[in-house]
Amino acid sequence: MKYYITTPIYYVNDKPHIGSTYTTVAADILARAHRLRGDNTFFLTGTDENSQKSVVAAEKSGKNLDVYLNEMAAIWENTWKELGVSFDDFIRTTEERHHKAVDRFWKAVEKSGDIYKDTYERHYCVGCEDFKTDSELNKDDRCPLHPNKDLDLVQEENYFFKASAYKDDILQLFHNHQNFIQPPKRLNEIRSYVKNGFADFSISREAKKVTCGIPVPGDDSQRIYVWFDALINYMSAVGYGTDDELFKKWWPANLHLVGKDIIKFHCALWPAMIMSAAKNDPLLQNDDGSPKLPEQIFAHGFFTIEGQKMSKSLGNVIDPLELAKEYPFDAIRYFFFREIGFGNDGNFDRARIAERYQSDLANTLGNLLNRAVNMSRKYFDGKVPLVSLDSQIHKLSDSSWGDVEAVETLWQQVDEYYKTARIDLALEAIWNGEGASLILANRLVEETKPFKLIKEDPEKTALVLYTLLEFCRNVAWMIEPVMPKISADIIKQLGQNPNIIHQTKFTDLKKWGGLEPGSDLPEPKILFPRLGE
RNA sequence: CGCGGGGUAGAGCAGUUGGCAGCUCGCCAGGCCCAUAACCUGGAGGUCGUGGGUUCAAGUCCCACCCCCGCAACCA
């Protein structure tokens, strides 16, 4: 199985902040989850540089546009690297490969007869980078999203994309593939948009008015509108227009991860564009001739910072690299997806991070590992207790612990949740699930009291402790996508090498008994030191 | 009739197909002592925004209404 996942490409008029980090980390988690499961995974992120916003930002900084773009793209790429984001490729829309892809795509759409020239006079909102029809304006004839911004009255001849011709096909797509857009509330939202307002798009600007953008093939007097070129990045990164074999390998994307603000472009315009181009490009067709559309688009929510909207003037925009100095970045990743239902809006609250860190991570997970390792070392000569791996023996029937079968069930749930991008539910199950979970593992200690049991029944004590240690090993792999560093630390504390991930099949990795009875346990280290000490 | 989100225990949140209202934190009481003053048990605390309706049964479906949040720029 192959898995191709993308983040949106980010505007480079500023450096990454906590919001773009959230999106990127979400994609990273899903990519890691698929990699761990043996899927051939390709994770793409990058920068959207053909925007007038870049030009303005470059001017403001007093730098030459190219210099500015190069610097900013490097900042984005390096930020993700420093945070340990496991992207496989970083696409810039100023790259040659992207221009080639756009060129090919445009020509295919043109050949389909879906590009036409028209002269018109309309209001253009610089804030939205979009034209506004009269019905989209507020009472004062201003952009409802940017009421303080003067609208430009634009009169020019542009190329248009005949999006309206695909209205029915798009609605049919939504109908046939209920999972095309997640979560479902976004599908409802976009469906009503397509039904009521999916009009033809202007997809070019007069070159003399914009100082950036890809030239329209065959017409140097026009530049391609930024959204039309931007979406194509998902194809150009996997060889469209430059490497057919590569493209066939990866396209279509399995998941476009986007913020809720840009679903219109991804869920409606993008499929329409592909439908059009596919008519005249066999590379974009399935065997039956239907267009190769992305499998799914997942729209996540936004969050406020301590209850307030993130904004520069309020000074609450958070630099992820700074934040990573305050808390271990894995803890931030955990917080994002434990605290906020994936797809919902949420609130970024430091007190809650500290709470989650102390309670869920330190007290529940860290302490469990620590007490299990300590007891094993103390009672079993510094080793993993020597038990028979015969599953018959692994019955701790006088406790509420669900045993091996329950761990297998938990794995099934976790796999399913990662597959459906419900990272929040996966974590919930690992911590609070029934049958086997971190909470129940801690309860098992209370129920069996190995620290007393050791004097009466060493054999059973060995079983209990092995169960705890082996469960920690399982949990380490369950949380690996969310907390890769912590996961590796746990594996190491259990005396194993985290790199076995590269030589071991996933099915073996998650099989009960992966921890070798009688193997050495290194001296435990505190996994989550108390904050502020 | 601009767009969108939301109103569930003190706080923060879950609640797919309608079927005795859950989770985490906090609080109170108790237990335990292996462990990061950590762990476990029990308890108090909610008329699920309001009013109607459908149903044997609604937080969950339908209608109306009230209230809160975001929407200059930055911006996932």
Side-chain angles (χ1 to χ4, degrees), chain A residues 7-8 10-11 13-14 16-27 53 57 126-127 135-140 142-150 183-186 189 192-193 257-263 299-304 307-315 317 338-341 344-347 349 351-352 354-356 358-379 400 420 422 424-425 428 431-432 439-454 461 464-465 468 524-531 533:
Chain A
T7 72
Y10 304 105
Y11 283 133
N13 50 353
D14 204 355
H17 56 66
I18 199 70
S20 37
T21 304
Y22 178 66
T23 314
T24 307
V25 166
K53 290 179 185 179
V126 183
S135 65
E136 286 172 321
L137 299 177
N138 68 13
K139 293 171 209 145
D140 304 324
R142 303 181 78 84
C143 171
L145 277 70
H146 308 92
N148 285 8
K149 194 117 195 155
D150 284 336
K185 63 182 171 190
R186 298 300 169 200
E189 188 181 331
S192 74
Y193 159 71
L257 190 63
V258 301
K260 64 176 182 177
D261 56 332
I262 50 176
I263 54 176
H300 68 250
F302 284 179
F303 48 78
T304 48
Q308 285 184 310
K309 181 175 164 56
M310 160 168 34
S311 91
K312 275 190 178 168
S313 59
L314 286 172
V317 173
R338 182 66 197 282
E339 181 81 0
I340 303 169
N344 293 344
D345 287 341
N347 184 31
D349 185 324
R352 293 292 294 171
E355 209 172 294
R356 288 286 185 189
Q358 201 49 247
S359 173
D360 295 2
L361 297 180
N363 297 353
T364 302
L365 172 58
N367 186 49
L368 175 70
L369 176 72
N370 203 235
R371 67 202 302 211
V373 170
N374 270 307
M375 282 191 279
S376 297
R377 281 169 53 90
K378 197 178 288 183
Y379 308 144
S400 51
T420 53
R422 289 307 302 269
D424 53 321
L425 295 181
E428 167 76 20
W431 260 259
N432 284 321
I439 296 269
L440 291 178
N442 275 313
R443 184 182 296 169
L444 178 62
V445 177
E446 302 307 320
E447 287 176 341
T448 56
K449 299 195 195 321
F451 39 87
K452 273 189 176 168
L453 194 63
I454 185 62
T461 307
V464 170
L465 291 177
L468 294 173
K525 282 186 222 99
I526 297 296
L527 208 50
F528 299 98
R530 294 185 72 77
L531 290 173
E533 284 179 10

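It should be emphasised that the depicted structure is a prediction, and the values quoted were computed from it without experimental measurement. The chains referred to below are lettered A, B, ... by the order of the sequence lines, with proteins before strands, and numbering in each begins at 1.
Distance check: Arg352(A) CZ to Arg338(A) CZ gives 10.0 Å after rounding to the nearest 0.5 Å. Between Lys452(A) atom NZ and Thr461(A) atom OG1 the span is 13.0 Å, to the nearest 0.5 Å. Atom CD1 of Ile340(A) is separated from atom CG of Asn347(A) by 7.5 Å, given to the nearest 0.5 angstrom. Residue Leu365(A) holds its CG atom at 10.5 Å from CG of Asn370(A), rounded to the nearest 0.5 Å. Interatomic distance, Leu368(A) CG to Leu440(A) CG, rounded to the nearest 0.5 Å: 11.0 Å.
The interatomic distance linking Leu468(A) (CG) with C40(B) (P) rounds to 12 Å, in whole Å. A76(B) atom P lies 16 Å from atom CZ of Arg186(A), rounded to whole Å. The interatomic distance linking Ile263(A) (CD1) with C3(B) (C1') rounds to 11 Å, in whole Å. U41(B) atom C1' lies 15 Å from atom CG of Leu444(A), rounded to whole Å. The OH atom of Tyr10(A) sits 13 Å away from the P atom of C75(B) (whole-angstrom rounding). In this structure, Arg443(A) atom CZ and G42(B) atom C1' are separated by 12 Å, rounded to whole Å. Taking atom NZ of Lys260(A) as the reference point, atom P of C3(B) lies 15 Å away to the nearest angstrom. We find that OH of Tyr11(A) is positioned 8 Å from P of A76(B), with the value rounded to whole Å.
Taking the P atoms as reference points, C23(B) lies 14 Å from C40(B), given to the whole Å. When the P atom is compared between C28(B) and C63(B), the two are found 46 Å apart, to the nearest whole Å. Look at the C1' atom in both G10(B) and G26(B): the space between them is 8 Å, to the nearest Å. The separation of U55(B) from G59(B), taken at their C1' atoms, amounts to 16 Å, rounded to a whole angstrom. When the P atom is compared between U8(B) and C13(B), the two are found 9 Å apart, to the nearest whole Å. Taking atom P on both nucleotides, C25(B) is separated from C62(B) by 35 Å, rounded to a whole Å. Rounded to whole Å, the C1' atom of G5(B) lies 16 Å from the corresponding atom of G49(B). Taking atom P in both U24(B) and C39(B), the straight-line distance is 12 Å, to the nearest Å.
For His300(A) (side chain) and Asn344(A) (main-chain N/O), no donor-acceptor pair under 3.5 Å exists by modelled atom type. Asn442(A) contributes a side-chain N or O that, together with a main-chain N or O of Thr364(A), makes up a donor-acceptor pair within less than 3.5 Å. Panel note: side chain Asn367(A), backbone Ala362(A); no donor-acceptor pair is recorded below 3.5 Å.
Partner assigned to C65(B) is G49(B), using Watson-Crick or G-U wobble distances below 3.5 angstrom. Summarising the base pairing, G2(B) is matched to C71(B) through a Watson-Crick or G-U wobble pair whose two defining distances lie under 3.5 Å. In this structure, U16(B) makes no Watson-Crick or G-U wobble pair, since no nucleotide meets both defining distances under 3.5 angstrom. Across all strands shown, A11(B) pairs with U24(B); the Watson-Crick or G-U wobble distances both stay below 3.5 Å. When both distances must be under 3.5 Å, the Watson-Crick or G-U wobble mate of U55(B) does not exist.
Under the ring pair (Phe, Tyr, Trp, His ring centres under 6.0 Å) criterion, Tyr379(A) pairs with no residue, sequence neighbours left out.
At C25(B), one or more side-chain N or O atoms of Ser359(A) fall inside 4.0 Å of OP1 or OP2 (strictly under the cut-off).
Under 4.0 Å is where a charged nitrogen must lie from a carboxylate oxygen, and between Glu446(A) and Arg443(A) no such pair does.
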Can you name the atoms? Protein N/O to nucleotides 32-36 of chain B N/O, anything below 3.5 Å, with the distance.
| residue | atom | partner | partner atom | Å |
| --- | --- | --- | --- | --- |
| C33(B) | OP1 | Lys452(A) | NZ | 3.3 |
| C34(B) | O3' | Lys378(A) | NZ | 3.3 |
| C34(B) | O2 | Arg371(A) | NE | 3.2 |
| C34(B) | N3 | Arg371(A) | NE | 3.4 |
| C34(B) | N3 | Arg371(A) | NH2 | 2.6 |
| C34(B) | N4 | Arg371(A) | NH2 | 3.0 |
| C34(B) | N4 | Glu446(A) | OE2 | 3.4 |
| A35(B) | O3' | Asn370(A) | OD1 | 3.0 |
| A35(B) | O2' | Asn367(A) | OD1 | 2.6 |
| A35(B) | O2' | Asn370(A) | OD1 | 3.2 |
| A35(B) | N1 | Arg371(A) | NH2 | 3.2 |
| A35(B) | N3 | Asn367(A) | ND2 | 3.2 |
| A35(B) | N3 | Arg371(A) | NE | 3.2 |
| U36(B) | O2 | Phe528(A) | O | 3.2 |
| U36(B) | N3 | Phe528(A) | O | 2.9 |
| U36(B) | O4 | Phe528(A) | N | 3.2 |

N/O contacts under 3.5 Å, protein versus nucleotides 11-13 of chain B?
| residue | atom | partner | partner atom | Å |
| --- | --- | --- | --- | --- |
| G12(B) | O2' | Glu339(A) | OE2 | 3.0 |

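Heavy atoms of Phe303(A) sit under 4.0 angstrom from at least one base atom. Among the protein residues, Gly259(A) comes within range of the sugar-phosphate backbone only, with heavy atoms under 4.0 Å from sugar or phosphate atoms but none that close to a base.
A 4.5 Å side-chain heavy-atom check between Val445(A) and Phe451(A) finds at least one atom pair inside the cut-off.
Annotation: of the two residues near RNA chain B, Arg422(A) and Glu428(A), the 5′-most nearest-nucleotide partner is Arg422(A).
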